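The next block holds one structure in the form of structure tokens; read it before the comments.
This structure is a prediction, so every number in the text was calculated from the model and none was measured. Heads up: numbering here begins at 1 and tracks the sequence.
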Amino acid sequence: MKRIAVFGSTGSIGTQALSIIKSNPRRLKLVLLTCRSRIDMLRRQIEALRPEAVAVEREDDAIELRREYPGLRIYCGRDGLNEAAQTVEYDVMLNAIVGIAGLEPTLAAIAAGGTGKTSNLVIALANKETLVTGGRFVMSAAADAGVAIVPVDSEHSAIFQCLMGNDGNAIKRIMLTASGGPFRGYSLEQLKSVTVGDALIHPNWKMGRKITVDSATMVNKGLEIIEAKWLYGVEASRIEVVVHPQSIVHSLVEYEDGAVMAQLGFPDMLVPISYAFSHPERWATDARNINLITLRSLQFDEPAGETRRSLDMAYRVMRESEESGRDSGAIALNGANEVLVQLFLDGKITFLDIINTLERVLDRHNSRMVKGIGDILEADRQARESALSFVGR
Ligand code: NAD
Ligand code: MG
């Protein structure tokens with residue numbers, strides 16, 4: 001029986017994870033739920049899965065929940081979230097928080113894993129921003145503590161699966177697939193007039209709003225280049241992005257002998273989430289089967305157009321990190337993106353403002369080495385400020 005802690009339980013990944021936990025009552029036991037808002041949904045989750053503890057953001061939500069569920073341990077605020085990560089005992093942390101807010105809970109879990117309270121702690125990481133902002137630091141802390149980081153992001157899970165049975169073999173190249181999002185093939189002129197509603201309709205995946213916008217700008221794929229670099233220890237120059245509109249091939253790994261391994265399947269996050277819980281076993285899921293005959297053909301294209309610039313920014317910050325050890329560029333890219341996506345969702349800036357402003361933030365950014373969480377949070381704060389100043393907020 002694996003004890004599971006779900007961070008970000010009310011989100012797109014969190015709710016799908018809970019459905020997997022419900023489907024596997026003899027294998028998985030939920031012990032902790034965390035969320036920021038949607039307290040009614042949290043109540044339903046508490047009643048269905050009876051965790052030992054929950055963590056919420058607001059004090060008044062915590063007070064109410066304490067009254068309603070006297071037996072439940074309730075943490076609140078940012079400190080409470082980190083304390084829950086450190087004190088509740090679990091075997092697998094699913095980190096499905098969105099944004100850099102997921103970084104500190106990851107670090108708290110690694111610290112707890114390092115104390116030996118739980119041996120073989122696994123962090124099932126959906127929160128890619130953890131690695132984008134703290135990659136070098138997080139991977140080495142996890143290795144020192146003996147904590148495994150298993151990706152949930154579908155591309156990185158595909159790579160993880162392609163690496164199975166290839167221990168010790170160098171990776172020649174990683175090919176990350178990208179659907180291209182709703183604006184694939186759009187001209188600059190067309191992109192000028194896209195709306196929030198247009199950006200929130202993803203052709204293949206139903207996800208949270210932030211990552212859906214990131215998929216439309218292709219910033220998501222840029223963040224995934226950085227995520228892959230840290231997870232698998234490969235230089236960014238060995239990571240290629242291939243546009244694959246059907247989202248059937250989830251990513252590929254090429255080896256020295258020319259062999260290429262790929263992982264395929266219907267685009268459904270149940271598969272990578274389930275695999276993060278089950279590996280090296282595989283458990284049944286409700287994901288649809290693919291039928292190659294009805295699919296007929298799979299298409300692959302070079303990334304092109306305006307959104308290609310989002311990939312270039314990721315390569316640019318990774319090149320700098322590799323050449324000089326200065327990692328703050330990725331933190332700036334991520335932090336600025338978080339505020340710009342929110343402004344776009346609020347109708348305050350246009351779609352292209354996101355990409356244009358990110359470039360300006362990076363042009364102005366003074367990259368530096370980051371030594372720990374304090375430096376990361378400071379670089380994040382400065383990048384947010386810088387983005388806001390460029391869009392006149
Ligand atoms: P979401 O917005 O649907 O859910 C986010 C969850 O995190 C919610 O439970 C919310 O309450 C919580 N949360 C938000 N801000 C928080 C904060 N400041 N502090 C604490 N908790 C907070 O997001 P999602 O689409 O499920 O994505 C979660 C993560 O998984 C992201 O990093 C995303 O990039 C990654 N991811 C998602 C998908 C997908 O299919 N949704 C696929 C791959 C990777
Ligand atoms: Mg992905």
As a quick check of understanding, evaluate side chain to side chain contact (heavy atoms under 4.5 Å, CB included) for L42 and S9, giving each step before the final call.
CA-CA 8 Å; L42 178 70; S9 69; 4.1 Å; yes

Derivation and outcome, side chain to side chain donor-acceptor pair (under 3.5 Å), residues S274 and T285:
CA-CA 7 Å; S274 174; T285 71; over 6 Å; no

Output, in order, the C-alpha distance, side-chain angles, deciding distance and verdict of side chain to side chain contact (heavy atoms under 4.5 Å, CB included) for L200 and R209.
CA-CA 7 Å; L200 287 177; R209 284 154 58 95; 3.8 Å; yes

Using the rule given for side chain to side chain contact (heavy atoms under 4.5 Å, CB included), can you reason through Y186 versus D198, listing the C-alpha separation, both sets of side-chain angles and the distance that settles it, and then say yes or no?
CA-CA 12 Å; Y186 273 39; D198 299 333; over 6 Å; no

Under the side chain to side chain contact (heavy atoms under 4.5 Å, CB included) criterion, do V98 and E129 qualify, and how do the steps go?
CA-CA 8 Å; V98 60; E129 296 90 344; 4.1 Å; yes

Stepwise salt bridge (Lys or Arg N to Asp or Glu O under 4.0 Å) test for D40 and R44
CA-CA 7 Å; D40 279 334; R44 290 196 294 279; 5.9 Å; no

The test is salt bridge (Lys or Arg N to Asp or Glu O under 4.0 Å); show your working for R3 and E52 and say whether it passes.
CA-CA 11 Å; R3 295 165 299 177; E52 293 165 15; over 6 Å; no

Start with the C-alpha gap between E224 and K221, add the side-chain angles, then the distance that decides, and say whether salt bridge (Lys or Arg N to Asp or Glu O under 4.0 Å) holds.
CA-CA 5 Å; E224 290 187 355; K221 209 51 56 180; 2.6 Å; yes

Can you list the steps and then say if R360 with D363 is a salt bridge (Lys or Arg N to Asp or Glu O under 4.0 Å)?
CA-CA 5 Å; R360 296 173 77 181; D363 287 344; over 6 Å; no

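Donor-acceptor pairing under 3.5 Å is recorded for the side chains of R326 and S367. Between the side chains of S389 and E385, no donor-acceptor pair of N or O atoms lies under 3.5 Å. In this structure, a donor-acceptor pair under 3.5 Å is absent between the side chains of T133 and N334. In summary, the side chains of N82 and Q86 do not present any donor paired with an acceptor at a separation below 3.5 Å, with no hydrogens or angles considered.
A donor-acceptor distance shorter than 3.5 angstrom exists from the side chain of T15 to the backbone of S12, with no hydrogens or angles considered. Judged by distance alone, the side chain of D153 and the main-chain N or O of E155 form no donor-acceptor pair under 3.5 Å. No side-chain donor-acceptor contact under 3.5 Å links S321 to the backbone of V317. No donor-acceptor distance shorter than 3.5 angstrom exists from the side chain of T307 to the backbone of T217, with no hydrogens or angles considered. Using a distance-only test at 3.5 Å, with no hydrogens or angles considered, no donor-acceptor pair links the side chain of Q45 to the main chain of L33. Counting only distance, with no hydrogens or angles, the side chain of Y90 and the backbone of A85 share a donor-acceptor pair below 3.5 Å. No donor-acceptor pair under 3.5 Å is formed between the side chain of D144 and the backbone N or O of A141. No side-chain donor-acceptor contact under 3.5 Å links S328 to the backbone of I331. Using modelled atom types, no side-chain atom of N95 and backbone atom of P105 make a donor-acceptor pair closer than 3.5 Å. Side chain of N127 to backbone of I97: a donor-acceptor contact under 3.5 angstrom is found.
Using a 4.5 Å heavy-atom cutoff, the side chains of M269 and P272 are in contact. Side-chain contact between I100 and I376 is present, with heavy atoms from C-beta onward closer than 4.5 Å. For the pair I46/P51, a side-chain contact is recorded, criterion being any heavy-atom separation below 4.5 Å from C-beta on.
Listed here is the closest heavy atom pair of D301 and Q299: OD2-NE2, 3.0 Å. Of all heavy-atom pairs spanning L121 and D91, the tightest one is CD1-O, 3.4 Å. Pairing each heavy atom of A55 with each of A84, the nearest pair is CB-CB, 4.3 Å. Contact record, Q263 with A158: OE1-CB, 3.3 Å, taken as the closest heavy-atom pair. The shortest non-hydrogen separation linking A287 to D268 is CA-OD2, 3.6 Å. Heavy atoms only, all atoms of each residue included: V234 and K229 are closest at O-CG, 3.0 Å.
Clustering ILVMFWY residues whenever any of their side-chain heavy atoms sit less than 4.5 angstrom apart, transitively, puts L28 in a cluster other than the one holding V271. Linking Ile, Leu, Val, Met, Phe, Trp and Tyr whenever their side-chain heavy atoms come within less than 4.5 Å puts Y255 and M164 in one cluster. Taking hydrophobic clusters as Ile, Leu, Val, Met, Phe, Trp and Tyr residues chained together by side-chain heavy-atom distances below 4.5 Å, Y275 shares a cluster with W283. No continuous path of hydrophobic side-chain contacts links M41 to I13 [ILVMFWY only; heavy atoms under 4.5 Å].
Atom CD of E281 has 12 or fewer heavy atoms from other residues, nucleotides or ligands within 6.0 Å. Open room surrounds CZ on R78; 12 or fewer heavy atoms of other groups in view lie less than 6.0 Å from it. Atom CG of N366 has 12 or fewer neighbouring heavy atoms from other residues, nucleotides or ligands inside a 6.0 Å radius. By the 6.0 Å contact criterion, CZ on R288 is open, its count of non-hydrogen atoms from other residues, nucleotides or ligands being 12 or less. The environment of D286 atom CG is sparse: at most 12 non-hydrogen atoms of other residues, nucleotides or ligands sit within 6.0 angstrom. By the 6.0 Å contact criterion, CD on E302 is open, its count of non-hydrogen atoms from other residues, nucleotides or ligands being 12 or less.
The CG atom of N337 sits 4.5 Å away from the CG atom of D214 when rounded to the nearest 0.5 Å. A distance of 10.5 Å separates CE in M207 from CD in Q16, rounded to the nearest 0.5 Å. Note that the CD atom of E359 and the CE atom of M313 stand 4.5 Å from one another [nearest 0.5 Å]. Taking CG of N166 as the start and CD1 of I171 as the end, the distance is 9.0 Å to the nearest 0.5 Å.
A ring pair (Phe, Tyr, Trp, His ring centres under 6.0 Å) check over residues 351-393, counting only residues at least two apart or in different chains, returns the pairs F183-F351, F344-F351.
Between L125 and the options L94, V138, T130, a side-chain contact (heavy atoms from CB on, under 4.5 Å) holds for only T130.
Applying the side-chain hydrogen bond (donor to acceptor under 3.5 Å, both in side chains) test to R368 and every residue at least two apart in sequence or in another chain returns Q382. Partners of E189 under the side-chain hydrogen bond (donor to acceptor under 3.5 Å, both in side chains) rule, at least two apart in sequence or in another chain, are K192. Applying the side-chain hydrogen bond (donor to acceptor under 3.5 Å, both in side chains) criterion to K29, with sequence neighbours excluded, gives no partner residue. In this structure, the side-chain hydrogen bond (donor to acceptor under 3.5 Å, both in side chains) partners of N24, at least two apart in sequence or on a different chain, are R27.
Cluster partners of L292, using a side-chain heavy-atom cutoff of under 4.5 Å among ILVMFWY residues and allowing indirect links, are M175, V242, I248, V249, L252, V260, L264, F266, I290, L295, L298, F300.
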